[in-house]
Colleague: 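Below: one structure in structure tokens.
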Amino acid sequence: MRTQVAIVGAGPAGLTLARLLELEGVESVVLEDRSRDHVEHRIRAGVLEQGTTDLLVEAGVGDRMLREGIVHHGIELQFDGERHRIPLSELTGGRTIMIYGQTEVVKDLIAARLDPDLPLLFEVSDVTVHDVESTRPNIRFGHDGAQHELECDAIAGCDGYHGVCRPSIPAGVLSESSRDYPFGWLGILAAVPPSNDELVYAHNARGFALLSLRNPELSRLYIQCRPDEDLAEWPDDRIWEELQLRLGLDGWTLAEGPVLEKGVTGMRSYVAEPMSYGRLYLVGDAAHIVPPTGAKGLNLALHDASHLAEALVSWYRTGQSDLLDAYSDTCLRRVWRAEHFSWWMTSMLHRAEDDDDFGLALQLSQLRYVTSSTAAATSLAENYVGLERD
């Protein structure tokens, strides 16, 4: 088998890259080890930056998002028994966020890829990456009971933190930075209309809570917990009781409903650099992870994909590799900005078990400043809706 760009991973990063290359006449093959059903239904992020929505529209896969997505112009921070609105659009020249689940983004991208001339292979096995330092890298894998070798010009590693692409880079090449947080998020998807028109980030002495949504009929809610929390200890009644304690306000009611899904997500920050080696380019979670507090993971992945597509198209058209050579540095500038913002939001809103009164007072002081200073609120808003593209 032969193609121009081999893409490992059919998540939003890999599918977006494939779509952008297709629009510019560059061939690609997408390999995914999970089934199509699994890929289309795994629950992930749901907050899209302005630049992400613009990118999907420009790529011709945004029609359903524009019909069904929910545009938000602000978020709310809750502490000391009060809510304070951050007017995102007002502070950023009209920029917004879109509530539209990652599962829906993936479905739209897969639908655009379903063409015999646009190879998208699910349930591949035993994927290995070879000869990335040469001009003819290749990938070996199993599919439909046979072994295959895919030769290409470049490989895009869009296969996440646990994928095979990053470990294919020789030892000693990558510099890895990480921070593990002493808490996680217990998240639920509930069949109940959202109790608030905008997202609520709540600071509470019992721990952080987030009121979010998926659509007008489904609420997405989270509470801070231990990263190794046993879900068996959290029946639905206990979850709703804890959400009421952390989100409750006088004169406002959190509506409850049937819990459709629940799960615990650990939280960490991670960056591997450089994001390229030879003809192998890491994209999205294969190179970096952010805690979910800042809603940056999916948005960073699509930003990477956009830059890599631009660089590959330029390389094929001009023969010049300057954008490919700069790919890692270009992406990492935004990655570290997002890492800092996500760490800052996480540190400001979550309570660690060993926090003392001093730590609590610092958090409350920061929250009061953010909600009373136009400059501080603008900084939060600019980062939250997404900075302009590099």
Side-chain angles (χ1 to χ4, degrees), residues 45-51 71-99 179 181-183 185 194-213 220-224 243 245-250 252 254 267 269 290-297 299-300 334-352 355-388:
V47 178
L48 307 184
E49 296 176 353
Q50 178 76 63
V71 176
H72 280 189
H73 298 274
I75 61 171
E76 297 189 47
L77 300 180
Q78 178 177 322
F79 59 96
D80 274 350
E82 294 182 344
R83 287 189 186 155
H84 305 261
R85 185 172 186 269
I86 305 295
L88 301 176
S89 299
E90 180 182 320
L91 295 170
T92 60
R95 293 168 73 79
T96 64
I97 56 171
M98 175 81 78
I99 307 302
R179 173 165 296 183
Y181 297 86
F183 34 74
W185 278 11
S195 300
N196 198 61
D197 291 336
E198 296 180 329
L199 277 67
V200 177
Y201 287 77
H203 175 279
N204 189 284
R206 300 179 64 86
F208 168 76
L210 171 62
L211 188 161
S212 184
L213 67 152
R220 189 79 169 143
L221 302 108
Y222 301 88
I223 53 176
Q224 177 187 337
L243 284 165
L245 289 169
R246 299 189 193 188
L247 286 165
L249 290 176
D250 290 341
W252 178 84
L254 173 65
M267 299 176 67
S269 300
V290 292
T293 324
K296 292 294 155 219
N299 295 291
L300 273 182
R334 194 182 191 94
V335 167
W336 279 111
R337 175 87 296 278
E339 291 285 356
H340 179 268
F341 177 67
S342 299
W343 165 84
W344 175 76
M345 287 279 285
T346 301
S347 302
M348 180 173 64
L349 291 165
H350 291 71
R351 301 285 294 139
D355 272 357
D356 53 16
D357 291 342
F358 184 78
L360 174 61
L362 287 179
Q363 288 180 319
L364 292 173
S365 176
Q366 182 66 50
L367 284 162
R368 294 188 194 104
Y369 177 58
V370 168
T371 55
S372 61
S373 163
T374 300
T378 300
S379 177
L380 187 157
E382 287 179 344
N383 283 274
Y384 198 88
V385 302
L387 302 175
E388 297 286 352

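Just the heavy atoms: all of them, side chains too, but no hydrogens, waters or symmetry mates, feed the values below.
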Colleague: Can you see which heavy atom on V290 is nearest to which on S342, and at what distance?
Modeller: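 Of all heavy-atom pairs spanning V290 and S342, the closest is CB-OG, 3.8 Å.
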
Colleague: Flag the pair K296 and E339 as a salt bridge only when some basic side-chain nitrogen lies within less than 4.0 angstrom of an acidic carboxylate oxygen.
Modeller: no

Colleague: Is it true that a side-chain atom of N383 and a backbone atom of R337 form a donor plus acceptor pair closer than 3.5 Å?
Modeller: no

Colleague: OH of Y384 to NE2 of H72: how many Å apart, nearest 0.5 Å?
Modeller: 9.5 Å

Colleague: Does the side chain of L210 reach to within under 4.5 Å of the side chain of V200, using non-hydrogen atoms?
Modeller: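 No, every pair of side-chain atoms sits at 4.5 Å or beyond.
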
Colleague: Are any of the side-chain heavy atoms of F341 and S379 separated by less than 4.5 Å?
Modeller: no

Colleague: Compare every heavy atom of G81 with every heavy atom of L249, then report the nearest pair and how far apart it is.
Modeller: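 Taking L249 first and G81 second, the nearest heavy atoms are CD2-O, 3.2 Å.
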
Colleague: Kindly give the heavy-atom pair with the smallest separation between A352 and Q224, and that separation in Å.
Modeller: N-NE2, 4.5 Å

Colleague: Less than 4.0 angstrom from a charged side-chain N to a carboxylate O is my criterion; do R95 and E388 meet it?
Modeller: yes

Colleague: Rounded to the nearest 0.5 Å, what's the gap from CG on L362 to CG on L367? Could you check?
Modeller: 11.0 Å

Colleague: Do T374 and L91 come close enough that some side-chain heavy atom pair is under 4.5 Å?
Modeller: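 Yes, side chains in contact.
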
Colleague: What heavy-atom pair brings R246 and A209 nearest, and what distance separates the two atoms?
Modeller: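 The answer is CB-CB, 3.7 Å.
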
Colleague: Using the rule side chain to side chain donor-acceptor pair (under 3.5 Å), only one of R351, Q78, Q363 pairs with H203; which is it?
Modeller: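 Per the side chain to side chain donor-acceptor pair (under 3.5 Å) rule, the option paired with H203 is Q363, out of R351, Q78, Q363.
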
Colleague: What is the minimum heavy-atom distance between L221 and L254, and which atoms define it?
Modeller: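 Smallest interatomic distance, heavy atoms only, reads CD2-CD1, 3.9 Å.
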
Colleague: With side chain to side chain contact (heavy atoms under 4.5 Å, CB included) as the test, would you mind laying out the steps for L247 and N196 before giving the verdict?
Modeller: CA-CA 11 Å; L247 286 165; N196 198 61; over 6 Å; no

Colleague: Using distance alone, with no hydrogens and no angle criterion, decide if T92 and E382 have a side-chain donor and acceptor under 3.5 Å apart.
Modeller: no

Colleague: Walk me through whether R220 and Y222 qualify under side-chain hydrogen bond (donor to acceptor under 3.5 Å, both in side chains).
Modeller: CA-CA 7 Å; R220 189 79 169 143; Y222 301 88; 3.0 Å; yes

Colleague: Before we go on, tell me: are the rings of W185 and F208 under 6.0 Å apart, centre to centre?
Modeller: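 Yes, the ring of W185 comes within the 6.0 Å limit of the ring of F208, centre to centre.
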
Colleague: Are any non-hydrogen side-chain atoms of L364 and D80 less than 4.5 angstrom apart?
Modeller: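 Yes, their side chains come closer than 4.5 Å.
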
Colleague: Are any non-hydrogen side-chain atoms of W344 and V370 less than 4.5 angstrom apart?
Modeller: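 Yes, side chains in contact.
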
Colleague: Flag the pair R179 / W343 as yes when at least one side-chain heavy-atom distance between them is below 4.5 Å, and no otherwise.
Modeller: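 In contact.
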
Colleague: Is a donor on one side and an acceptor on the other found under 3.5 Å between the side chain of W252 and the backbone of S195?
Modeller: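 Present.
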
Colleague: Quick check for you: to the nearest 0.5 Å, what is the distance between I97 atom CD1 and E198 atom CD?
Modeller: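 Those atoms lie 8.0 Å apart.
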
Colleague: Measuring from atom CD1 of I223 to atom CG of L245, what distance do you get when rounded to the nearest 0.5 angstrom?
Modeller: 10.0 Å

Colleague: How long is the span from the NE2 atom in H73 to the OG1 atom in T96, to the nearest 0.5 Å?
Modeller: 6.0 Å

Colleague: What is the distance from atom CG of L199 to atom CD1 of I86, rounded to the nearest 0.5 Å?
Modeller: 13.0 Å

Colleague: So does D357 have more than 12 non-hydrogen atoms from other groups sitting under 6.0 Å from CG?
Modeller: no

Colleague: Write down the atom of L88, the atom of G74, and the distance for their closest heavy-atom approach.
Modeller: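 Residues L88 and G74, closest heavy atoms: CG-CA, 3.6 Å.
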
